[in-house]
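First the structure, in the form of structure tokens, and then the observations on it.
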Amino acid sequence: MNSRRAIYLAHPPVSIFPTYYMNKLIVPFSENLTSINGGVVSSVRSLIQNPISLRFLSTSTATPIASTSVLSSSSEEVFDMTSHIIQEKDLLRKSPNGGLRVLDLIDHGFLEPDAKLYSQMLNKCTQLGKIKEGKMVHTHFMNSKFSHYLVIQNTVVNMYAKCDCLDDAREVFDKMPVKDMVTWTAIITGYSQNDKPEEALLLFPQMLRLNLKPNHFTFSSLLKAAGARGNEREGEQIHGYCLKYGYASNVYVGSALVDMYCRYERMSEAHFVFNQLEDKNEVSWNSLIAAHSRKNEGDKALLLFQKMQMDNYNPTHFTYSSLFSVCASTGSLEQGKWIHAHMVKSGQKLIAFIGNTLVDMYAKSGSFDDAIKVFNRLTKPDVVSWNSILTAYAQHGLGVKTLQHFEKMIKTGIQPNSVTFLCVLTACSHGGLLEKGEFYFKMMKEYNIEPEVSHYVTMVDLLGRAGKLDVALSFITKMPFEPNAAVWGALLGACRMHKNMELGAYAAERVFELDPFDSGPHILLYNIYASGGKWNEASKVRKCMKEIGVKKEPACSWVEIENCVHMFVANDQTHPEKNKIYKKWEEISERIKEIGYVPDTSHVLLFVDEQEREAKLQCHSEKLALAFAIMKLPPGSTIRIKKNIRVCGDCHSAFKFVSLLVGREIVLRDTNRFHHFNGGSCSCGDYWYC
DNA sequence: TGTGAAGGGT
């Protein structure tokens with residue numbers, strides 16, 4: 001007889017044991033209580049053959065009035081309170097009426113609570129984010145004889161603050177007649193951790209006025225807030241207070257100081273504080289490594305990674321996450337692979353926290369298959385993991401696959417968020433899937449996700465690229481908020497694609513009103529006029545750019561050869577092997593012309609003669625990077641190039657012919673997506689570049 | 001029985 005069936009057999013003791021029947025707590029008569037003792041319980045145990053676990057995890061001193069065993073007919077489980085100890089797993093156990101069993105037992109006089117029990121229950125709610133249960137415990141606590149206990153009140157503030165209920169936390173905080181330094185620290189931390197640094201910093205002087213002395217807990221939260229707010233003067237003042245109160249050398253405060261100066265991009269101060277810190281830990285190292293990663297300084301991040309190990313600190317998942325992130329943004333696949341191997345060797349598990357950045361790194365470095373492999377190895381992919389893989393599919397031009405994976409994600413039970421829908425809409429836009437895009441845009445409401453401006457931008461892009469310029473315009477006018485420059489920019493891009501000069505000029509005017517200094521829209525408008533032969537209008541745009549000081553971002557391309565990243569600009573004269581590179585491209589150019597390549601000079605932004613335009617085209621940074629890669633990389637290997645702006649139409653065409661000529665895959669990452677050139681065609685289906 | 005610092009997805 002197993003224990004589950006045995007519970008049913010245990011119904012007879014209902015009259016003497018408190019139990020739930022038809023969602024009601026059945027309480028035995030008080031005289032029966034005296035007869036309930038360990039012996040009776042033991043005999044019931046032997047009757048039902050239920051090996052109740054006595055592995056108690058907590059050490060609460062809460063006193064049961066009598067030894068009881070509560071049997072539930074609905075949940076078929078035994079809730080054991082025969083000891084003076086309550087099991088941790090039972091702290092938040094539900095009763096059939098939706099309440100908490102522990103609270104029911106207290107209400108019916110079977111358990112005499114102590115302050116520690118409330119504290120344990122509140123902390124369990126905080127840990128699991130169970131705010132509904134937390135509110136029940138809070139109410140119960142307020143009606144108990146312990147309601148004036150400051151320590152528990154502090155636990156309540158902390159619980160609300162940690163569970164994203166800042167208003168509730170503040171309400172409790174404001175109503176507390178007596179507050180100590182922990183109370184103030186709890187609410188300051190709440191604001192600091194919930195992206196409200198202003199409020200956190202405003203409370204600090206109020207706390208000081210009450211003569212409460214801040215401690216290392218207070219300072220670490222205040223420094224985090226100061227770093228997020230970006231007011232350097234404020235941060236320096238908090239730093240001063242840390243020194244005054246003698247906490248600057250505390251490892252938590254010190255690490256927060258390092259991070260704060262990193263946020264201000266004051267790296268020399270960050271390094272100074274770090275070097276002064278006698279008591280360092282992994283977080284101190286990770287703060288610096290993360291900062292260099294954010295600044296795309298992969299070499300510095302990597303150097304610190306090596307140094308931390310020389311100083312006997314073990315890299316953590318934060319360390320690896322930062323390193324993969326910097327490899328992703330610089331597209332350093334070889335370096336990323338090396339760090340991945342290091343991580344595996346160190347025994348670090350592939351949890352979602354690291355796996356997500358690893359998926360992103362492989363996807364952004366153009367190694368799509370590795371991204372899929374890592375994703376498939378994740379034991380518990382979360383919404384970010386799914387978003388990363390959806391982005392990878394979308395950016396690599398696999399629109400239909402993106403949508404298939406999205407459906408799979410829904411079936412798995414992962415709740416999509418606004419980023420998920422942005423990935424899905426981007427996939428539709430990149431893949432030209434107009435109807436699907438409209439369908440998924442409407443679907444957002446089913447998930448209670450309000451479309452943000454980025455979703456509208458993608459929809460305008462989708463409609464515009466599909467040639468529905470009027471629909472896109474009407475879509476913009478019906479937006480629930482004012483369209484920003486990006487929305488009009490998307491329409492402008494579509495006008496360039498479909499050569500609609502009138503609407504393009506209108507959209508460009510709107511963009512210029514909102515963001516006059518972005519070079520992109522000016523260039524798009526120039527291109528619209530130039531490709532329509534309206535050279536006067538085009539030169540006016542150029543003149544206007546000069547007058548207001550808008551500069552075109554210089555185009556750069558990068559290619560990684562043997563762990564070294566080589567950068568090229570248009571008409572590059574700085575590379576040590578420039579002569580060989582130009583010669584190589586000339587040779588390639590001649591050979592691809594033989595198989596059908598015709599230079600497309602309409603992409604050159606200069607009012608010059610045809611011959612000069614072609615010469616300009618041949619010096620584009622991605623062509624030089626490609627020639628260099630062909631010279632240096634072994635035949636047959638994949639060539640991966642990264643570019644800081646969108647690939648021009650002529651380079652796109654040339655790359656297709658080169659992939660055919662050399663019989664190898666070329667992966668080009670530009671600002672918008674990946675282009676996989678293979679056998680004379682591109683994965684974007686020529687949909688994107690024009 | 002209470003309070004803290006570091007990462008990721010368009």
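All values derive from a computational prediction rather than experimental measurement. Proteins come first, then strands; the chains are lettered A, B, ... in the order of their sequence lines, and each starts at number 1.
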Under-4.0 Å salt bridge between [X] and [Y]:
| X | Y | result |
| --- | --- | --- |
| Arg263(A) | Glu232(A) | no |
| Lys642(A) | Asp670(A) | no |
| Glu265(A) | Arg294(A) | no |
| Asp311(A) | Lys307(A) | no |

Quick test of the criterion, 5.5 Å between centres and less than 30° between planes. Is Phe318(A) stacked on dG7(B) or not?
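Base of dG7(B): not stacked against Phe318(A).
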Please answer whether dA5(B) and Tyr252(A) are stacked, defined here as ring centres separated by less than 5.5 Å and planes angled under 30°.
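Stacking is absent between dA5(B) and Tyr252(A), given that the ring centres and planes do not meet under 5.5 Å and under 30°.
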Nucleotide dA6(B), atom C1' - distance to CZ of Arg263(A) in whole Å:
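Roughly 8 Å, once rounded to whole Å.
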Whole angstrom is fine here: how far is it from CG in Asp360(A) over to C1' in dG9(B)?
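My rounded result for the distance is 7 Å.
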Let's see if you can work this out: which of [options] has an atom nearest to the side-chain heavy atoms of [X]?
| X | options | result |
| --- | --- | --- |
| Asp382(A) | dA6(B), dT1(B), dG8(B) | dG8(B) |
| Ser287(A) | dG9(B), dA6(B), dT1(B) | dA6(B) |
| Ile152(A) | dG7(B), dT3(B), dT1(B) | dT1(B) |
| Phe353(A) | dT1(B), dT3(B), dG7(B) | dG7(B) |
| Val384(A) | dG8(B), dT3(B), dT1(B) | dG8(B) |
| Thr316(A) | dA6(B), dG4(B), dA5(B) | dA6(B) |
| Asp259(A) | dA6(B), dT1(B), dG8(B) | dA6(B) |
| Asn215(A) | dT1(B), dT3(B), dA6(B) | dT3(B) |
| Ser221(A) | dG4(B), dA6(B), dT3(B) | dG4(B) |

Is there a side-chain polar atom (N or O) of [X] under 4.0 Å from OP1 or OP2 of [N]?
| X | N | result |
| --- | --- | --- |
| Arg294(A) | dG7(B) | yes |
| Gln193(A) | dA5(B) | yes |
| Lys162(A) | dG4(B) | yes |

Touch class at under 4.0 angstrom, heavy-atom based, for [X] against every strand present:
| X | value |
| --- | --- |
| Ser255(A) | base |
| Asn356(A) | base |
| Ala186(A) | nothing |
| Lys364(A) | sugar-phosphate |

Under 3.5 Å, is there a donor-acceptor pair between the side chain of Ser221(A) and the main chain of Thr218(A)?
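The answer is no, because no donor-acceptor pair under 3.5 Å joins these two groups.
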How about Asp167(A): does its CG atom have over 12 heavy atoms from other parts shown lying under 6.0 Å from it?
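No, because the 6.0 Å sphere around CG of Asp167(A) holds 12 heavy atoms or fewer from other groups.
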N/O donor-acceptor pair, side chain Asn387(A) with base dG8(B), under 3.5 angstrom:
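Side chain to base: no pair present.
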Do Asn286(A) and dA5(B) have a side chain to base donor-acceptor pair shorter than 3.5 Å?
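Result: no qualifying N/O pair found.
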